[in-house]
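To keep things clear, I will list the structure first and then write my remarks on it.
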Amino acid sequence: MESTTLKQYGLLIDHQWVETEEAMAVVNKSNQEDYAKISVASKTHVDEAVTSAKKALENDWGPYDRYKVLSKTSALLLENKEEIAQIITAEVGKPIKDARVEVERAALTLEISAEEAKRIHGEGVPVESAPGSENRLAFTIKSPVGVVAAITPFNVPLNLVCHKIGPALAAGNSVVLKPAEVTPICSLKLVELLLEAGLPHGRLQYVTGDGAVIGEAFLAHPDVNMLTFTGSPRVGELLKSKAGMKKVSLELGNNSATVVHSDADLEKASSLVVQKSFNSAGQVCISVQRVFVHKEVEAQFLSLVKEKTEQLVTGDPFDDQTDVGPLIRLSEAERVEEWINEALHEGAELVTGGKRDGAYVQPTILKNVTSSMKVCKKEVFGPVFSIETYDDENEVIKKVNDSDYGLQAGLFTSSLSFAMKAAKKIHVGGVIVNDASMYRADHMPYGGVKMSGSGKEGPKYAIEEMMEEKIIVFNL
Ligand SMILES: NC(=O)c1ccc[n+]([C@@H]2O[C@H](COP(=O)([O-])OP(=O)(O)OC[C@H]3O[C@@H](n4cnc5c(N)ncnc54)[C@H](O)[C@@H]3O)[C@@H](O)[C@H]2O)c1
Ligand SMILES: O=C[C@H](O)CS(=O)(=O)O
């Protein structure tokens with residue numbers, strides 16, 4: 001489509017949509033054609049947005065009113081599910097059946113946030129139990145941190161925005177949101193629905209454009225009280241290094257491990273590993289990447305995962321039958337292909353897949369890998385998982401922990417003692433027993449350790465991080 005005929009979306013600054021002269025194209029990943037344009041925010045735009053966000057805090061907005069706006073927006077998301085799912089599929093390349101699920105999850109995340117808005121409270125503190133404090137009364141109160149700057153990734157462009165906006169607004173903050181420039185339109189639709197639901201003036205600002213420019217402006221502005229970032233470890237580490245005294249929450253990458261023990265239900269394990277390695281073409285932070293299989297069941301497990309993988313449908317993400325769509329960029333698909341070939345050159349063996357067609361990469365399984373190969377050591381963020389075998393429980397725990405990351409891990413076993421031993425010793429933010437690493441209920445605490453980040457999301461937990469607690473002591 002001619003760029004002159006493409007619709008250009010604006011920035012939301014001080015409750016006004018502002019179109020900039022400079023624009024960025026948004027590409028439909030299913031056909032690599034431009035399908036929309038977004039405005040490009042300058043530092044001045046960001047400064048204006050932060051000023052408006054801070055001014056909005058002067059107007060009271062109570063918990064029940066926050067509940068009503070978030071709950072109404074959740075309902076509006078579901079009313080517009082198909083339109084928004086189609087947008088997600090266009091801008092991410094995510095199969096339509098998975099995009100529909102994302103809209104449902106996003107609505108649930110906002111509903112959970114709405115409910116949590118009604119449950120924010122401090123606590124009584126028994127200072128009187130301290131000698132000399134017999135006549136004192138103490139309790140805490142919680143207040144919003146103020147202006148929350150939120151930066152989000154391309155792969156789950158609606159629900160992960162809801163995981164930031166929902167808790168931030170539920171806690172009484174104002175938000176300046178910068179979505180991924182390659183998948184911004186679905187979150188713009190969310191912003192429109194929040195305004196329709198009655199979001200007060202200035203409580204949400206929406207800026208699009210170059211991540212580095214906007215990120216720099218966020219960190220430089222004294223009135224940004226917190227930065228919440230979800231994205232690559234590279235950018236997360238950069239932002240944290242420049243954040244100074246600002247609160248920072250980081251949800252970063254992973255090379256998720258899943259263990260299949262000798263006593264595992266192999267039919268269940270093979271189905272879930274295949275489903276949760278190739279969902280979204282592997283572009284999920286907790287997708288299965290490193291599979292450790294006990295040597296006694298390797299042959300059977302390999303046969304099962306090969307068969308199930310070769311049944312997957314790779315193709316047009318708008319087709320209801322498609323399981324695996326394109327990667328976000330041609331360059332990413334080329335990188336994944338390069339890593340596969342590098343592993344094969346270094347001695348890995350191909351079980352299935354391995355080929356690329358444009359931005360599409362076949363679901364790929366490698367075996368006889370070593371932990372030093374990129375497909376094991378780094379975050380592939382593509383439709384590839386590798387299989388290593390192990391002999392005993394302590395060995396596999398050590399292998400799982402041999403990683404710079406620590407977001408989530410999966411473990412298939414029928415042994416309660418091994419499950420608990422591994423759950424305690426594996427150094428990650430979450431261990432999923434009898435499922436693969438890629439499991440998340442949107443109300444559970446979610447976040448990693450090491451290079452996977454710091455801080456927890458899930459509305460109840462994100463709200464805690466987006467508030468400040470103050471103790472008040474009365475000397476009666
Ligand atoms: N832990 C989680 O919850 C979680 C969830 C989704 C994705 N991720 C991770 O995100 C990554 C994939 O997403 P991505 O490719 O969008 O990540 P990315 O880091 O390239 O981009 C994420 C966001 O940061 C912005 N950005 C880029 N450079 C920046 C800079 N210098 N300063 C400020 N902002 C900047 C981008 O515009 C985008 O909005 C993977 O590593 C994945 O594991 C983690
Ligand atoms: O990509 C990582 C996401 O956090 C996984 S989920 O979509 O939130 O389950």
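Read the numbers this way: they start at 1 and go in the same order the structure lists the ligands and their atoms.
Of all the heavy atoms of V284, none lies under 4.0 Å from any atom of ligand 1, so neither backbone nor side chain is involved. Proximity of N155 to ligand 1, defined as any heavy-atom pair under 4.0 Å, is confined to the side chain (atoms from C-beta onward). Here D210 has no heavy atoms under 4.0 Å from ligand 1, in either its backbone or its side chain. At a heavy-atom distance under 4.0 Å, no atom of V182 approaches ligand 1. Only side-chain heavy atoms of R105 come within less than 4.0 Å of ligand 2; its backbone N, CA, C and O stay farther off. Residue contacts with ligand 1 for P179 involve N, CA, C or O but no side-chain atom from C-beta outward (heavy atoms, distance under 4.0 Å). In V156, the part holding a heavy atom less than 4.0 Å from any atom of ligand 2 is the side chain.
Looking at L160 next to ligand 1, no N or O pair under 3.5 Å apart turns up. Considering both main-chain and side-chain atoms, E379 comes within under 3.5 Å of ligand 1 through a nitrogen or oxygen pair. When only interatomic distances are considered, the shortest N/O to N/O separation between E181 and ligand 1 falls below 3.5 Å. Distances between N or O atoms of S232 and those of ligand 1 include at least one value under 3.5 Å. Note: no N/O pair closer than 3.5 Å links G215 and ligand 1 by distance alone. Distances between N or O atoms of K178 and those of ligand 1 include at least one value under 3.5 Å. Of the N or O atoms in C285, none lie within a sub-3.5 Å distance of an N or O in ligand 1. Between N155 and ligand 2, a contact under 3.5 Å exists for at least one N or O pair.
The distance between the ring centers of F385 and F278 falls below 6.0 angstrom.
When the heavy-atom distances from atom 2 (C) of ligand 2 to S256, S280, P153, C285 are ranked, the shortest goes to C285.
Against a heavy-atom cut-off of under 4.0 Å, E251 is close to the following atoms of ligand 1: 1 (N), 2 (C), 3 (O), 4 (C), 44 (C). Listed by number with element, the atoms of ligand 2 under 4.0 angstrom from any heavy atom of R440 are 4 (O), 8 (O), 9 (O). Close contacts of ligand 1 with G253, meaning ligand atoms under 4.0 Å from a residue heavy atom, involve 41 (O), 43 (O).
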